[in-house]
Amino acid sequence: MTPDPAPRLAHSGTAAATDDATVTSSAVTGGEPGSVATNRAATAAQARGSRQPHAILPLRLRSALVLALVSLVGLAAYTWPFFLTPGAALDNSHGSDAPWFFVALLPLLVAVVVAEISAGGIDAKAVALLGMLAAVGAALRALGPGAAGLEPSFIVIVLGGRVFGRGFGFVLGSLTIFAGALVTGGVGPWMPFQMFAAGWVGLFAGMLPRCHGRVELAMLAGYGAVAGLVYGGLLNLWFWPFGAYSPEVSYIPHAGLGVNLHHYAVFWATTSLGWDIPRGLLTGLAVLVAGRPVMAALRRAARRANFG
Amino acid sequence: MMRLSSDSTRQVRSLRPAHSITLARTLHPGAWWVWAIGLAAGASRLTNPIGCLLLLAVAGFVVSARRSRAPWAYAFGGFLKLALLIIVIRIVLQALLSTESQGVHTIVVLPQIPLPSGAAGLKLGGVVTWEAVITAFDQGLQLATIICCIGAANALASAQRLLRCLPGALYEVGVAGVVAMTFAPQLVADAVRVRSALRLRGYDGRSVAAVRRSAMPVLEGALARSVDLAAAMDSRGYGRTTVDRRATRMATAGLVIGGVVGICAGTYGLLGSAGSGWMGLPTLGLGCALAVVGLVVGGRRTGRSRYRPDPWALPEWLVAGSGVAAAVILFLLAHAHPGAAVPPYPLQMPEVPPLLLVGALVGVLPAFLAPPPPDRVVDKGRPR
């Protein structure tokens, strides 16, 4: 039988939490001994391992290890056509089984890594902030002119990852894609691949070196441009092996790394590069224009909520 | 009090109305997803255009019979458009870029544009044959059918209810997802409000500065709302039931890390050469099992009960079973009649064995066996 939350509800309900100070105090005093311990552990980990001043969901050693291993498999899910050895188990006559294998595997991997990152005690403030930023990203995704290749939610993911750190960036990226797909009814085999790629966009935004002012803005804008371009190139890869478009642009099993790289380059250049370059440029430009006020707003919210 | 009520539920479980297939209620979203993934898996074995069209019709019929009136229930149309786009792109690329004519029945000879030698054998234009175009159509139709089966699940299964089925280890992130889905439509309304306020003050909403002027208030509002929401959640005791034992933590860590290492090694084995057979599927399966157990054990840390869980009763078994049965029948078909599943000559009329029709008929059963969604029944019964 699960413990009934009612008595504890009454206990913490005495602090009619309307402003930030009472929320913080009730978060520390109202919990069980166990949750106080996790809070303290989280704070210690923050002081030790984080580079951002407002890091939420800092990556501990364990979750960093899991994230690294899972990212390795995730990278294989995109780039397997280049490395598949002839005679391997996934190398069958009709080459379209391997993509479905990764479509089935990736949701489990996303679940494991997100659970692992959030296992270190994610409190109500972090949940609310994560949900709100993902809502902003999902609304931008729903509104954004998808046909022009613009991915406006990247601004939120890049800047959120920058301000709140690596672990938050990864979870924010994948949650934004997930919520956007659920809101617009766009769940499909592409979603796990998008979740991984957008998670990496947030993760690497949180791993950029520390700097301030114009340097920071220029660095983030350049990063956004590169991320927008590489995202497109990675995401083509999941459906590229399905195609027998024509022998010169499609995946040829057993043809080797060089040939397939060349075929993919031609495929990318003739199909989606025309959308990927505008996406990269627009993301960079948007970060340049809106980066400063958005980051100021995020940091102010972090101060009000008294993170780290 | 709670124990008493759970005991009495157990007693009346055999009489539950949830087992009825005519009582209007929302089906468990997992059942719709199992059904749709079964159909999609079956379609992945067929390039027979008649078979693919049959499966498309099955998905469309079930959607029109059993979708609710919620906004996401109209997602199927978008998926159909995407399917058309996939087919058109396939055919155009095949017609314009293919050097191998793949046949002798020429439709048209396009002017060929010479390309620099860097494009290595790529050509633009030239001979376009019926064989090439119809092969491209068949393969595009297969992918389009798979996409539309997934689209049917999008239209039939409620996303909010699906989020409630997330494993316990993802509880907090699932709550964040619910927050995101609840507030995303509200943010769109916020943006409209701010823009109309700007227009009343005489700004036009077109320049970059105007977008920035209207975006910042929306973002600030969302951030302020998140702080309020956190206060409300905290005051209601959110996250206070954490059970964090050292032994559980260590077990979770061991299971998850072991599982991920297993998945890594298994994937490496599957992609690598055939000599490392033991590193392939067995290691991968073991890794996946360890990771799933890790998720379950890790989910114990949030001791919580579910409020009115969605039942998994007879209709759910029937719907999920129909998807699985359709997949099994189509796999059998691909094994027994490979010529019918993947027609070898594109210009011949593909043969349609009875097994294909049986598979499609089994797939369409949920249109009759799933309970009707409540919001449509209420409308039908209302006196005019």
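Proteins get letters first, then strands, A, B, ... in listed order; numbering begins at 1 in each. What you see is a predicted model, and the numbers here were worked out from it, not measured in a lab. Computed from heavy atoms alone, side chains included, the values below leave out hydrogens, waters and symmetry copies.
- B:Ile91 does not touch chain A: none of its heavy atoms, backbone or side chain, sits under 4.5 Å away.
- Once rounded to the nearest 0.5 Å, the distance linking CH2 of A:Trp190 with CD1 of B:Ile150 reads 8.0 Å.
- With a 4.5 Å cut-off on non-hydrogen atoms, A:Leu109 touches chain B through its side chain but not through its backbone.
- Comparing A:Ala269, A:Ala181, A:Ala111, A:Pro189 by heavy-atom pairs within less than 4.5 Å of chain B, the highest count is held by A:Ala111.
- Neither the backbone nor the side chain of B:Cys149 has a heavy atom closer than 4.5 Å to any heavy atom of chain A.
- Note that CZ of A:Arg62 and CZ of B:Arg249 are 8.0 Å apart. Values are rounded to the nearest 0.5 Å.
- B:Glu220 has its side chain within reach of A:Arg300: a pair of non-hydrogen atoms, C-beta onward, lies under 4.5 Å apart.
- Using a 4.5 Å cut-off between heavy atoms, A:Val112 touches chain B through backbone and side chain atoms alike.
- In this structure, chain A has a heavy atom under 4.5 Å from the side chain of B:Leu163, while its backbone stays farther away.
- Of the residues considered (A:Gly137, A:Gly131, A:Pro293), A:Gly131 shows the highest number of contacts with chain B, using heavy-atom pairs under 4.5 Å.
- Under the 4.5 Å side-chain criterion, counting only non-hydrogen atoms from C-beta, B:Val173 is not in contact with A:Ser174.
- Atoms CD1 and CD, from B:Ile257 and A:Glu116 in turn, are 6.5 Å apart once rounded to the nearest 0.5 Å.
- Between B:Cys288 and A:Leu105, the closest side-chain pair of non-hydrogen atoms falls below 4.5 Å.
- Using a 4.5 Å cut-off between heavy atoms, B:Ala222 contacts chain A through both its backbone and its side chain.
- Proximity to chain A is limited to the side chain of B:Met216, based on heavy atoms less than 4.5 angstrom apart.
- No side-chain heavy atom of B:Leu223 sits under 4.5 Å from any side-chain heavy atom of A:Met132.
- In this structure, the side chains of A:Val187 and B:Trp33 come closer than 4.5 Å at one or more pairs of heavy atoms.
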> Under the side chain to side chain contact (heavy atoms under 4.5 Å, CB included) criterion, do A:Trp80 and B:Leu270 qualify, and how do the steps go?
Replying inline: CA-CA 10 Å; A:Trp80 65 267; B:Leu270 283 180; over 6 Å; no
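- Of the atoms belonging to A:Leu69, heavy atoms from both backbone and side chain fall under 4.5 Å from chain B.
- Between the CE atom of A:Met191 and the CG atom of B:Asn154 there is a distance of 9.0 Å, given to the nearest 0.5 Å.
- Contacts between A:Leu182 and chain B at a heavy-atom distance below 4.5 Å involve backbone atoms as well as side-chain atoms.
- Summarising the geometry, atom CE belonging to B:Met181 is positioned 10.5 Å from atom CG belonging to A:Leu175; distances are rounded to the nearest 0.5 Å.
- No part of A:Val113 comes within reach of chain B, as not one of its non-hydrogen atoms sits under 4.5 angstrom from that chain.
- Residues A:Phe239 and B:Leu143 fail the side-chain proximity criterion, which asks for heavy atoms closer than 4.5 Å.
- Using a 4.5 Å heavy-atom cutoff, the side chains of A:Trp100 and B:Ile146 are in contact.
- Heavy atoms of B:Ala36 lying under 4.5 Å from chain A are absent altogether.
- B:Phe79 touches chain A through its side chain: at least one heavy atom from C-beta onward sits under 4.5 Å away, while N, CA, C and O do not.
- We find the CG-CG distance between A:Leu140 and B:Leu187 to be 8.5 Å, quoted to the nearest 0.5 Å.
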